[in-house]
Amino acid sequence: MTTGIGTTTAQLVDTHRPTLDRALEAIAGREFWTPHPEHPKAYGEGAAEQGKAAFDALCGSRFELPGQPVSGEWVATEVSPYGPELGISYPRMDEGAVDALLPVMRGGLPAWRKAGAEARAAVCLEILARISARTPEFAQAVMHTSGQAFMMAFQAGGPHAQDRGMEAVAYAYAEQVRTPARVSWEKPQGKRDPLRVTKEFTPAGRGVALLIGCNTFPTWNGFPGFFASLATGNAVLVKPHPRAVLPLALTVRIAREVLAEAGFDADLVALAAEAEGDGIAEDLALRPEIRVIDYTGGSAFGEWLESHARQARVHTEKAGVNTVVIDSTDDYQGMLANLAFSLSLYSGQMCTTPQNLLIPAAGITTESGPRSYDEVVADLAAAVDKLLGDDARANALLGAMVNERVRTRLEAASSLGEVALASRTVQNPEFPDATVRTPVIVKLDANEPESEGAYQDECFGPVSFAVAVGSTEDALELLRNTLRSKGAMTVAGYTTSSEVARQLEEVCFDEPAQLSLNLTGGVYVNQTAAFSDFHGSGGNPAANCTLCDGDFVSGRFRVVEVRRMAED
């Protein structure tokens, strides 16, 4: 039992200690485990309807955060990719409000630090438990800010995001208790009395952490940094993407309620909403009070943060060029089905979606004989077409395009090479204003210099390039160069050759990238499981951190030692 804490917090420790212990076992064993059910039926009869009603009640209202210092202005910036404006107003964060808020946030840190790692973990797990209970409401919030289809928003924005948050809490706790809290140190001195010193080791958060949210996965990408920072003794200032405020605003509100009930300062967590175009992230990132930053988004701003926010520990997930090397397969139809699903899910608007498919120009071998490059590409196009041939199924997989820039990239891709699969418009009868488009596959030749500019950079969205290469060896070399110069969140390979598999592994060891080999069933390259899979490697330009490992949490705190001569 943690000592020196309020009764309410002690109760939280008792309640959540078994879950924490189970999460610690999961990250050590890497087996499947989740306390958060994936299916809507698990949340009770009528839960989905209640979640929709709660979301509807928020639309067109002011989102209050009682007690948080604000500017007095309100901003409403969210328009659902499915069409309607949400009309939710949030307190606008301007320079004056920041000046007032940051000292208040820092004021709650001493008590939060003194509570200890176990109490902080328990508070974080209580926040997650309350978020989990409202998963159907979060699903609506994620769906109508990101454009994810409902079931994906429910799972990825709900239980999968909560798993990632809990994983971060487990890693944070494990790293903080690695050093004992108190020891009696004794050094022999021969005939003289030994030297005796009492040593205390206290994990101390670095200060205020800044979470810069993204539009496409506000909770899945936001929860790891949020809970890692809070669990390691920091305050957390949440700056959502202007078009995806609600999921993180709900998180902030719940966190503030739990903190206050547990006897801590609610202002340990605060929301920094902005008007479209305010661009407050840059100013916030350079504030001396900001000591930790988590960012998901484009490479340009991520690299700017890494270069300029020198006072902070910066964690970035940026753009990369995800690559698949197709050498051979003993399950051709399984490979095609797996790739078709991976290319289609959420209209390719995932940081893990494959983009470049490297296929030898001479073709590949399969269990039913050789297939030429043209045949492989045509067969893959047919697999995508079959998968998305029914509009109802297509809507359930594709969701809606998150913004106009994705549609522009999709339409421009057709001019880059020969189109193997043309994109088509899918009508969504429930949301007629949604922009729903199927993927495009473009054929390119790696030996043609004019093709290089097309596939060398990330083309975020439902765009993939079937790149003809001279050989598998050429594909491996191109993969190596891509990882080194652009990075990747995911790499996949299909081969029946143990030697090619070994070479693929060596490339991903040399230019660290997470590798999936011969996926042909219900596991896809663009999906990862918390407590078991690592998301990103932190070893190539696509991201400088991994969700989640010890390094992701260890830099968020420092261990401060206090020594005293022991009393006789």
Side-chain angles (χ1 to χ4, degrees), residues 55 58-65 68-99 101 140-148 153 157 210-219 221-222 226 237-253 270-287 290 293-302 304-305 308-309 316-319 347 349 351 399-409 431 433-435 460-461:
F55 168 76
L58 289 169
C59 292
S61 69
R62 283 189 171 186
F63 194 96
E64 302 280 355
L65 290 169
Q68 178 181 313
V70 295
S71 66
E73 297 182 52
W74 294 81
V75 292
T77 53
E78 295 163 302
V79 177
S80 171
Y82 289 96
E85 291 188 14
L86 303 192
I88 305 173
S89 300
Y90 304 93
R92 185 180 188 180
M93 185 62 61
D94 61 12
E95 185 176 356
V98 173
D99 289 339
L101 176 63
Q140 293 290 333
V142 171
M143 174 181 174
H144 284 287
T145 54
S146 71
Q148 295 176 31
L210 174 65
L211 169 62
I212 303 174
C214 68
N215 196 170
T216 49
F217 287 88
T219 55
N221 279 108
F226 178 90
L237 179 59
V238 178
K239 205 296 294 180
H241 192 286
R243 291 190 294 276
V245 183
L246 182 58
L248 292 179
L250 287 169
T251 303
V252 168
R253 179 187 276 176
L271 182 72
E274 61 178 335
E276 192 81 49
D278 277 358
I280 64 173
E282 184 174 314
D283 293 334
L284 288 173
L286 297 182
R287 298 277 305 215
I290 299 298
I293 298 174
D294 288 278
Y295 166 78
T296 301
S299 292
F301 189 58
W304 183 91
L305 287 170
H308 290 82
T316 60
E317 182 186 312
K318 301 166 290 188
S347 300
Q349 297 170 127
C351 63
M401 290 194 175
V402 70
N403 57 47
E404 186 69 14
R405 294 191 300 275
V406 176
R407 185 187 65 80
T408 300
R409 281 193 292 269
F431 300 103
D433 293 331
T435 300
F460 185 75

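Given the structure is predicted, the values throughout are model-derived calculations rather than measurements. Numbers for residues simply follow the sequence, beginning at 1.
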Note to self: Which heavy atom of I280 sits nearest to which heavy atom of A273, and what is that distance?
What the structure shows: CD1-O, 4.4 Å

Next item on the list: Check whether any side-chain N or O of S347 sits under 3.5 Å from a backbone N or O of Q349 as a donor-acceptor pair, and report yes or no.
Entry: no

Next item on the list: For residues V70 and P91, report the shortest heavy-atom separation together with the two atoms involved.
Entry: CG1-CB, 3.4 Å

Check: Checking N403 side chain against V406 main chain: does a donor-acceptor pair fall under 3.5 Å?
Finding: yes

Checklist line | Side chain proximity check, I290 to I293, heavy atoms < 4.5 angstrom | finding: yes

Next item on the list: Can you see which heavy atom on C351 is nearest to which on E317, and at what distance?
Entry: SG-OE2, 2.8 Å

Notebook entry, point to check: For S89 and A76, which heavy atoms make the closest approach, and how far apart are they?
Noted result: OG-CB, 3.9 Å

Margin query: Ignoring hydrogens, what is the shortest heavy-atom contact between A97 and P69? Give both atom names and the distance.
Written below: CB-O, 4.4 Å

Margin query: Looking at D278 and A275, would you say the former's side chain and the latter's main chain have a donor-acceptor pair under 3.5 Å?
Written below: yes

Next item on the list: Please step through salt bridge (Lys or Arg N to Asp or Glu O under 4.0 Å) for the pair R287 and D99, ending with a clear verdict.
Entry: CA-CA 10 Å; R287 298 277 305 215; D99 289 339; 2.8 Å; yes

Next item on the list: Kindly compute the distance separating CG (L210) from OH (Y295), expressed to the nearest 0.5 Å.
Entry: 12.0 Å

Margin query: Classify the ring geometry of F55 against H144: parallel below 30°, tilted from 30° to 60°, perpendicular beyond 60°.
Written below: parallel

Check: Can L237 and L211 be said to form a side chain to side chain contact (heavy atoms under 4.5 Å, CB included), step by step?
Finding: CA-CA 6 Å; L237 179 59; L211 169 62; over 6 Å; no

Next item on the list: May I ask you to test the L248-F226 pair for a side-chain heavy-atom distance under 4.5 Å?
Entry: no

Notebook entry, point to check: Would you say S71's side chain and R92's backbone share a donor-acceptor pair under 3.5 angstrom?
Noted result: yes

Margin query: Can you tell me how far apart CD1 (I88) and SG (C59) are? Round to the nearest 0.5 Å.
Written below: 4.5 Å

Checklist line | Distance (rounded to the nearest 0.5 Å) between E85 CD and S80 OG | finding: 10.5 Å

Checklist line | V238 vs T251 side-chain heavy atoms within contact, under 4.5 Å | finding: no

Notebook entry, point to check: Hey, does V245 have a side-chain heavy atom less than 4.5 Å from the side chain of T77?
Noted result: yes

Next item on the list: Kindly compute the distance separating CD (E282) from CG (L305), expressed to the nearest 0.5 Å.
Entry: 8.5 Å

Item checked: Reported CG-to-CD distance for the pair L86 and E78, which is rounded to 0.5 angstrom -> 5.0 Å

Check: Quick one: SG on C214 to NE2 on H241, what's the gap to the nearest 0.5 Å?
Finding: 8.0 Å

Note to self: Walk me through whether F217 and T296 qualify under side chain to side chain contact (heavy atoms under 4.5 Å, CB included).
What the structure shows: CA-CA 9 Å; F217 287 88; T296 301; over 6 Å; no

Notebook entry, point to check: Are side-chain heavy atoms of L58 and L246 found at a separation under 4.5 Å?
Noted result: yes

Check: Would a 4.5 Å heavy-atom cut-off, applied to side chains only, mark L101 and V98 as touching?
Finding: no

Checklist line | M401 and P81, any side-chain heavy atoms less than 4.5 Å apart | finding: no

Margin query: For G157 versus V142, what's the shortest heavy-atom pair and its separation?
Written below: CA-CG2, 4.1 Å

Note to self: Between E64 and R253 (salt bridge meaning N to carboxylate O under 4.0 Å), is one present in this structure?
What the structure shows: no

Notebook entry, point to check: Do Y90 and L271 have side-chain heavy atoms sitting under 4.5 Å apart?
Noted result: yes

Notebook entry, point to check: Salt bridge or not for E274 and K239, using N-O below 4.0 Å?
Noted result: yes

Note to self: Between N221 (side chain only) and G213 (backbone N and O only), is there a donor and an acceptor less than 3.5 Å apart?
What the structure shows: no

Check: Centre of F460's six-membered ring, under 6.0 Å away, within 45 degrees of the axis: is that where NZ or CZ of R409 sits?
Finding: no

Note to self: I'd like to know if the side chain of Y82 reaches the main chain of Q148, judged simply by a donor and an acceptor atom lying under 3.5 Å from each other, with no hydrogens or angles considered.
What the structure shows: yes

